Amino acid sequence: MNRPLPEDPMVRSLIAHARRGQVTRRTMLAGTGASATALALAACAGGGSELQPAEDRSESDPTLNWANWPFYIDEDDNGNYPTLEAFQEQTGISVTYNITVDDNNSYYATVRDQLALGQDIGADTVCLTDWMVSRWIQLGYTQELNYDNIPNAANLSEDLRNPEFDPGRRFSIPWQGGFAGIAWNTEQVGELRSVDDLWAPELRGRVGVLSEMRDTMGLILMNNGVDISGDFSADDFNAALDIFREQVTGGQIRNVRGNAYTEDLVNEDTLAAIAWSGDITLLNFEAGYEKWKFVIPEAGGTLWADNFLIPIGSPRKTNAETLINYYYEPEVAAEVAAWVNYITPVEGAREAMEAIDPELAENELIFPSDETLANTRIFRGLTGQEENEYQAAFQSVLLGA
Amino acid sequence: MAFSAFTPTEQKADASIQKRSPVALLLLLPGVIFLVLFFVTPLLSLLLTSLQEPVPGGFFGEYRQALRWENYVFVLETYGTQTLRSFGYAALASLFALLIGFPLAYFIGITLRRFPLLQALCLVLVIAPFFISFLLRTLAWKQIFAIEGPVAGFFSMIGILGPGQSITGTAFSVVFGLTYNFIPFMTLPIYATLERLDLRLVEAGGDLYASPATTFRTVTLPLAAPGVISGTLLTFIPASGDYINASRDFLGSTETAMIGTVIEANFLVLQNYPAAAALSIVLMAVILVLVGIYVKRSGTEDLL
């Protein structure tokens, strides 16, 4: 009886290991010892051998798991996702949409062990932020996209085609982009213009900031006149960190959170916050009026994008590419953008938006003008050592250490 | 004569134990395998991880096996405050849980003894919170304590809370959350001992002219001690490693980080696995020592 080996590389190697040895008592004992060692080693292994992409079974398996951030796709009143439903009807691929990403770091930490072994992480595509995508690509944790399956990629906005971390977009393609800026509760707080305004005495204990280091530190750095896309130094970073630490220990900043910062805004624990552009529009939509306002600070805001990736262990690559292709239809992109209010990377979506909602087509947060873009910067890529140092310093503030 | 009469039977008993032992060992096997697989192996892996060092010039979060004892020095230096704070918070929470749980257990186990139905109902009420995820319950407290919420509103009205001050994110809210979450773990073991307490002993204390307070101190309390001890252990141990209540997403803030929070951050964000593992080992060791001392002390009657 010869059945094909299972997909999972770890199970595969275990089976191969088992077949190799004849099962006498001695080999069994040795085998136990060896597999215990193998497990121990696997736990510490950082990489070593080149990872091989999983075999694509898309043809026989019309399903797809998509991991994404909260509030990041169009949703109707019943909690369904209209564009995704249309996709399933159109293609017959049944999609499981999982809101499992609340923070780049914690998502990475939960899947990294499987990734390092080339296993399926339960997501066939996941949308992560530029710098994290860069890490995945460098570690070989992603599968190369086959653009024959994504003809609509021709609609990708020109300026997003050759990012520093993935020239030619071989491994990643944007889902949505956005700004980090400042937001405030218009009923309780007067207009804010800069990060300095967040440190006003009357906001003491009522300010929230993001646990995403690049956004919080990025805004403070820019407020200090530092260009975060340029070659800033550790001194610049530390100067900004001192300000951050002072505001945290002094009780000005109430909390530092991931995507859940919106809860604090809603229950009014925080009245002003460093926030992501689309969230505020959405909160206002839920409140029914413009209760919060979002602006890019005068000194500048950060610009980022979250990108589709196909993890190395996914056996449904073609399905994932079909999905990406679908979301690169300008009409579909416009529909998503009209709900999530983030920047769409798809050319032609603006024209499509005019048909849906002409007012939104003029929205600077979805279709930023050159002027707005000129006032925002992308946080530059950090070296491994910088990443270690800066993250450790940032976290030491969050832990009060 | 009397003694020698017993000896042969004892020998026989010994022999029969020896004869049965292979079967007994076989029956032990599943338990032993379980312990080796799910306790010894992870513990070993944890110990090995705690001694790893970063790969020079490697990626963020890449480590290799080494014997880096400095990891322990590093975590104790960097996170000493958080470690001490954890045990302080856990001790406070155990104390408050005891202060609330003991009278509660006494009431249910002794006062309500004559009303079995009421007793059962009260027990269900103690356990009822478990029917809802404790994450949700903790989040609910966060809402109740929110600045615009009723409790904070009342406190700032009577002037306890100044402007810019809040309830959540303070030591108070974290200890409150821990106490609240662990009260059932304290109450149930104490209830179990008090429920079986022979009331005739208490009555005898009264007959011997002891005041109710003395009777409580010299009769009830020592008899309830096993319950109190297991209750405190069930509360103190998980409370010192708790990472939910003190988390910034629940009742804590940057100033209330406990050892669990630090381990979480080191593991999930900083990808500093050796530091996280070293802290876990420290946590285990300290708990082991503290609990050892506690059990030994309370085993003799010194504690009471």
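Computed from a predicted model, the values in this text were never measured in an experiment. The sequence lines fix the lettering, A, B, ..., with proteins before strands; numbering per chain opens at 1.
In this view, A:Q385 and A:E389 satisfy the side chain to side chain donor-acceptor pair (under 3.5 Å) rule, not counting sequence neighbours.
Both the backbone and the side chain of A:N267 come within less than 4.5 Å of a heavy atom in chain B. At a 4.5 Å heavy-atom cutoff, A:Q252 makes no contact with chain B through either its backbone or its side chain. Residue A:N104: no heavy atom, backbone or side chain, is found under 4.5 Å from chain B. Residue contact with chain A, scored on non-hydrogen atoms closer than 4.5 Å, involves the backbone and the side chain of B:T168 alike.
Annotation: residues 269-287 of chain B contacts chain A through B:V269, B:L270, B:Q271, B:Y273 [non-hydrogen atoms, separation under 4.5 Å]. Residues of residues 139-154 of chain B lying under 4.5 angstrom from chain A, judged on non-hydrogen atoms, are B:K142, B:Q143, B:A146, B:I147, B:E148 in numerical order. Contacts of residues 196-206 of chain A with chain B at a heavy-atom distance below 4.5 Å involve A:R204, A:G205, A:R206, listed in sequence order.
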**Request:** Begin from the C-alpha positions of A:S211 and B:R248 and carry the test side chain to side chain donor-acceptor pair (under 3.5 Å) through to its verdict.
**Result:** CA-CA 10 Å; A:S211 59; B:R248 293 192 310 277; 5.0 Å; no
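Taken to the nearest 0.5 Å, the CG atom of A:L139 stands 7.0 Å off from the CD atom of B:E62. Taking OH of B:Y79 as the reference point, atom OG of A:S396 lies at 7.5 Å (rounded to 0.5 Å). For the atom pair B:S253 OG and A:L398 CG, the distance stands at 11.0 Å (nearest 0.5 Å).
No more than 12 heavy atoms of other residues, nucleotides or ligands sit less than 6.0 Å from atom OH of B:Y243. Residue B:F130 places its CZ atom among more than 12 non-hydrogen atoms of other residues, nucleotides or ligands, all under 6.0 Å distant.
When each of A:Q391, A:Q395, A:E263 is checked for heavy-atom pairs under 4.5 Å with chain B, A:Q395 comes out on top.
In this structure, the side chain of B:Q82 engages the main chain of A:G400 through a donor-acceptor pair within 3.5 Å. The main-chain N or O of A:A260 is never found under 3.5 Å from a side-chain atom of B:D249 such that the two would form a donor-acceptor pair.
With a 4.5 Å cut-off on side-chain heavy atoms, A:V256 and B:T254 count as touching. Using a 4.5 Å heavy-atom threshold, the side chains of B:S166 and A:R254 count as touching.
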